[in-house]
Amino acid sequence: GEQGPQGEPGPAGPGVTGYEIVFMGSEADSSSKVVSAVCPSGKVVIGGGGGSGGGTTNVALLRSEPSLDGSGWSVEAHEVGPGTNQSWSVGAWAICVVLEP
């Protein structure tokens, strides 16, 4: 048969607004560190990451993961091998949005 006329557009589906990257950095010293980047109220984390800095290769990221409640991103780093007496830091980035129904 013949194709009928095109129907009315449907309602808009869910989406995201308010895209924002939040950063939190640690102090620079020679000790283990945990740092969390927390999304502003009303926003949830949809991704993130972390890294260390300070000129030493004796540091390893132990974890880089979203918080269990979806409010941010946490990063943990420790010295490895012989360790170091150099100062180093760790940072966490959270990608935050508002989820639209």
Co-membership, hydrophobic cluster, residues [X] and [Y], 4.5 Å side-chain:
X   : Y   : result
I46 : I21 : yes
I95 : V98 : no
Y19 : F23 : yes
V80 : V35 : no
V16 : V45 : no

Begin with the C-alpha distance, continue with both residues' side-chain angles, and end with the deciding distance and a verdict on side chain to side chain contact (heavy atoms under 4.5 Å, CB included) for S74 and R63.
CA-CA 8 Å; S74 293; R63 64 185 178 88; 3.4 Å; yes
Closest heavy-atom contact between P40 and E20?
CG-OE1, 3.4 Å
Between K33 and E76, is the salt bridge (Lys or Arg N to Asp or Glu O under 4.0 Å) condition met? List the steps.
CA-CA 6 Å; K33 296 166 183 55; E76 182 175 2; over 6 Å; no
Disulfide bond (SG atoms under 2.5 Å apart) contacts touching residues 45-89 (sequence neighbours left out)
none
According to the disulfide bond (SG atoms under 2.5 Å apart) rule, which pairs have a member within residues 26-101, sequence neighbours left out?
C39-C96
Donor-acceptor pairs under 3.5 Å, side chain of residues 81-90 to any protein atom, not counting sequence neighbours: which ones?
| from | atom 1 | to | atom 2 | distance (Å) |
| --- | --- | --- | --- | --- |
| T84 | OG1 | Q86 | N | 2.9 |
| W88 | NE1 | E79 | OE2 | 2.9 |

Check: S67/W73 side-chain N/O donor and acceptor closer than 3.5 Å:
no
Just wondering, do V34 and V75 contact through their side chains at under 4.5 Å, heavy atoms?
no
To the nearest 0.5 Å, how far apart are CD in E65 and CG in L62?
9.0 Å
